Amino acid sequence: MKDNEKRPKNLIEEAEVDAKEIGDLMAEFDRESNTRHFTGTPLLIVKGMLIAFTLYVFWMTLIATPPEQIRRSSFIGLLIFLGFINYPIKRSHAKRVNQIPWYDWIFAFAGGGAFFYYVINFEAIVGKAVNIGTVEIAVGIIGIILLVELCRRVVGLPILVVAGIFVGYAFYSGYSLKRVVHQLFYTTDGIIGTPLGVCATFIVLFIILGAFLEKTGIGTFFIDIANSLAGYASGGPAKVAVISSALEGMYSGSSVANTVGSGSVTIPVMKKTGYTPEFAAAVEAAASTGGQIMPPIMGAAAFLMAEMTETPYATIALSAILPALLYFAGIFMMIHFEAKKLGLKGLPKESIPKFGKLMLKKGYLFLPIVVLSTLMSMGRTPAYSAVYAIVTAVVVSMFSKETRLTPKTFGEALENGTRNTMGVAIACAIAGIIVGIVTLTGLGQDLLNILMSVAGTSKFLALFLTMISCIILGMGVPTTANYVIMATITAPIVVQMGVPLLAAHMFVFYFGIVADITPPVALAAYAGSAIAKSDPFKTGVTATRLAITAFIVPYIFAFNPEMLLIDTTAIEVVRIAITSLIGIFGVAAGMEGFMFTNMKMWERAIIIVGGLMLIDPNLLTDLAGVAIIGMMVLSQVAKSKKLKLAS
């Protein structure tokens, strides 16, 4: 370990990953970033189209009042057109400059045109109901096939495999081509169903807000804030990574983007402090993945949850606060124990910015998030709140030359809003195919009956089977689509076991997210390992261990819905928070094998059992768990004192 004098004085200067390498990493681990390269006039034209789409979103949200079918079809139709312009058929083709093959022009106009055919002929097609003609069937097939091809380019194959299995089941069940095409293309139970509707109405505006916040430099500000709060502590850089990632999670819902964005700064610093490359990358991946559960702007699936559970988004964001804090607290504790075990120190005081000065200088950057949270808590719609937060972000950026939005950066924010929407919208459209088939065939009820027969009357077994399903599906399917599928199929099982609706949906939401750090497919962990130059699989395993809280907290709120502020009192919430923190403390110490000194295997096993006992809301198990952890703490204190006297 290097001494403090040899460490650089500024955390930002410590970053060893330049902008080009960040772009390469995003292209490798985030398919949405693998876009064509344009220069000169073609670049200006493409930028103009992307900006125009964002302006169209504002027009649709603030001014126009079309039927939902028209809003959703035009939304996805425009994105399909822009998608084939920006995404090549192969990743290797992305490096070609100013090249759009003739077939992609055909795909762009045919794919977008198919959805606009529905927009133009909306009333006539609705009047036909299921009796659509040959032309409508052909248009629907073209639209579905080209949507699938664009999904392959932007999102990946796994979600298409899942959707393909569901469509195959519909044909196996005897449904005709005309019936399937009508269900998937011309009804709000298919592609233009609830997932896409929520994306077109709410999610896109929050993505645009995130793009504007990013342009104000709020990410760097959050890293500085985290450094001022925890940089001095044992293993300070790792704790900085946790705090900054939690803060970034308030406006970004992508675990890979969070990992690469803040990890390009924090991972090199952690390595220089003394953490192994695997541990440094795992810390960032685990913390960044938690960004999707951090209010007020959570992952896109949270907006779908609001629609599917008919719960105001503000209520969901409020319910998610305590579980999110427990998640980050668990990672923080494990980092602390690891730092103490390795004898790591914090950064030198002269390299740490002053919290008060930072807040006075740049604290105004928090205002858009404050406005957003305030408006939603007042009962305003997410769309209304997001628009006002965007306006606030533009206004507060003018307070300082460092953060001021110029015409160029303003245009880039609008452009990035469209780019960042692409993958989420396409995933929502494909998820609509899956939901459409489930609705058409009644498959959901069949699967429900099968899983119910396996789980029997055991709530824990039902939750465990749901967890496994979410993690397996989430290894290749985006969180948004994962949530839609699991909320459609498995959440009803959990509800039938006596878990409240919101807790059941939050349960599947959590386990869809942790798939990003669960091997063998752990994109956030692999992105972090690329920065740290570590072993990807070991990084994924370490990230899973660090994020063990994410595997415990959902069970806590499934058995204790009061954690989500469901039918509870302030006293009950405090009790659950305290017992949960004690339980997480015990599990974290046991997983790390260190509290005040090293722990033997039997000690680790006992304290982990004590921590897990606090999941059950039963008073006896709570008392037993607290007693076990308390005895282990006393034992560790005594052993630590004994070692100090001996030395």
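For clarity, every value in this text was computed on a predicted model and none was experimentally measured.
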* Would a distance-only check, ignoring hydrogens and angles, find a side-chain to backbone donor-acceptor pair under 3.5 Å from N560 to I556? -> yes
* To the nearest 0.5 Å, how far apart are OG in S580 and CG in L614? -> 7.5 Å
* Could you go step by step and tell me if T201 and M60 meet the side-chain contact (heavy atoms from CB on, under 4.5 Å) rule? -> CA-CA 9 Å; T201 307; M60 271 288 188; over 6 Å; no
Would you tabulate the side-chain donor-acceptor contacts of residues 424-434 under 3.5 Å, counting partners in other chains and residues two or more places apart, or write 'none'?
none

* Validation row: F332, I243 side chains within 4.5 angstrom (heavy atoms) -> yes
* Give the minimum heavy-atom separation between M506 and A320, together with the two atoms involved. => CE-CB, 4.2 Å
* **Side-chain heavy-atom pair V204, T61 within 4.5 angstrom cut-off** => no
* Asked: Between T544 (side chain) and I517 (backbone), is there a donor-acceptor pair under 3.5 Å?
  -> yes
* Looking at side-chain heavy atoms only, is the closest gap between T315 and S319 below 4.5 Å? -> yes
* **Student check: side-chain heavy atoms of V435 and T194 closer than 4.5 Å** => no
* salt bridge (charged side-chain N to carboxylate O under 4.0 Å, His left out) with K459: which residues, sequence neighbours excluded? -> none
* **Test salt bridge (charged side-chain N to carboxylate O under 4.0 Å, His left out) applied to E592 and R604, step by step** => CA-CA 8 Å; E592 281 297 321; R604 296 173 65 175; over 6 Å; no
* Is there a side-chain contact between F511 and V514 (heavy atoms, below 4.5 Å)? -> yes
* Asked: Does the S228 side chain pair with the main chain of I225, one donor and one acceptor, at a distance under 3.5 Å?
  -> yes
* Asked: Quick one: CG on L209 to CG on L205, what's the gap to the nearest 0.5 Å?
  -> 9.0 Å
* Begin with the C-alpha distance, continue with both residues' side-chain angles, and end with the deciding distance and a verdict on side-chain contact (heavy atoms from CB on, under 4.5 Å) for V573 and T569. => CA-CA 6 Å; V573 171; T569 62; over 6 Å; no
* Any donor-acceptor N/O pair, S244 side chain to A241 backbone, under 3.5 Å -> yes
* To do: Could you pull out all residues at least two apart from F202 that satisfy ring-ring contact (aromatic ring centres under 6.0 Å, His included)?
  => none
* Asked: Closest heavy-atom contact between L546 and A286?
  -> CB-CB, 4.3 Å
* **Ring-ring centroid check Y388 Y384, cutoff 6.0 Å** => yes
* **Closest approach of L358 to D224 (non-hydrogen atoms, all atoms of both residues)** => CD1-O, 3.4 Å
* Asked: Between the side chain of T216 and the main-chain N/O of L213, is any donor-acceptor distance below 3.5 Å?
  -> yes
* **Aromatic contact, Y327 with Y510 (centres under 6.0 Å)** => no
* To do: Indicate the ring-plane relationship of F557 and F507, choosing parallel, tilted or perpendicular according to the 30° and 60° boundaries.
  => perpendicular
* **Closest heavy-atom pair and its distance - A547, I331** => CA-CG1, 4.5 Å
* To do: Please lay out, stage by stage, how I513 and Y483 fare under the test side-chain contact (heavy atoms from CB on, under 4.5 Å).
  => CA-CA 9 Å; I513 287 169; Y483 167 73; over 6 Å; no
* Asked: Distance from Q292 atom CD to F509 atom CZ, nearest 0.5 Å?
  -> 6.5 Å
* To do: Check the pair M591, M333 against side-chain contact (heavy atoms from CB on, under 4.5 Å), reporting the backbone distance first and the verdict last.
  => CA-CA 11 Å; M591 294 293 290; M333 288 176 190; over 6 Å; no
* For the rings on F366 and F222, is their centre-to-centre separation under 6.0 Å? -> yes
* **Shortest non-hydrogen contact from A491 toward A504** => O-CB, 4.0 Å
* Quick one: are the ring centres of F337 and F585 less than 6.0 Å apart? -> yes
* So do E68 and R71 actually touch side chain to side chain, heavy atoms under 4.5 Å? -> yes
* For the residue pair P323 and M563, establish whether any side-chain heavy-atom pair is separated by less than 4.5 Å. => yes
Tabulate below the donor-acceptor pairs under 3.5 Å that side-chain atoms of residues 624-638 make, not counting sequence neighbours, or state none.
unit_1: Q636; atom_1: OE1; unit_2: M595; atom_2: N; d: 3.4
unit_1: Q636; atom_1: OE1; unit_2: F596; atom_2: N; d: 3.0
unit_1: Q636; atom_1: OE1; unit_2: T597; atom_2: N; d: 3.0

* Asked: How long is the gap from CZ on F559 to CZ on F460, to the nearest 0.5 Å?
  -> 7.0 Å
* Name all residues meeting the salt bridge (charged side-chain N to carboxylate O under 4.0 Å, His left out) criterion together with K340; count only those two or more places apart in sequence or in a different chain, and write none if there are none. => none
* Over-ring placement of R72 relative to F75, 6.0 Å and 45° cut-offs -> no
* Asked: Would you say I471 and F551 make side-chain contact, with heavy atoms under 4.5 Å?
  -> yes
* Structure fact -> OG1 (T568) and CD1 (I576) are apart, to the nearest 0.5 Å, by 5.5 Å
* Asked: Looking at D567 and E562, what are the two nearest heavy atoms and their distance?
  -> O-CG, 4.4 Å
* Rounded to the nearest 0.5 Å, what separation is found between the CE atom of M613 and the CG atom of L623? -> 9.5 Å
If you look only at distance, which donor and acceptor atoms sit under 3.5 Å apart when one is on a side chain in residues 294-314 and the other is two or more places apart or in another chain?
unit_1: T309; atom_1: OG1; unit_2: M305; atom_2: O; d: 2.6
unit_1: T309; atom_1: OG1; unit_2: T311; atom_2: OG1; d: 3.0
unit_1: T311; atom_1: OG1; unit_2: T309; atom_2: O; d: 3.3
unit_1: Y313; atom_1: OH; unit_2: P296; atom_2: O; d: 2.8
unit_1: Y313; atom_1: OH; unit_2: M298; atom_2: N; d: 3.1

* Under-4.0 Å salt bridge between D622 and R575 -> yes
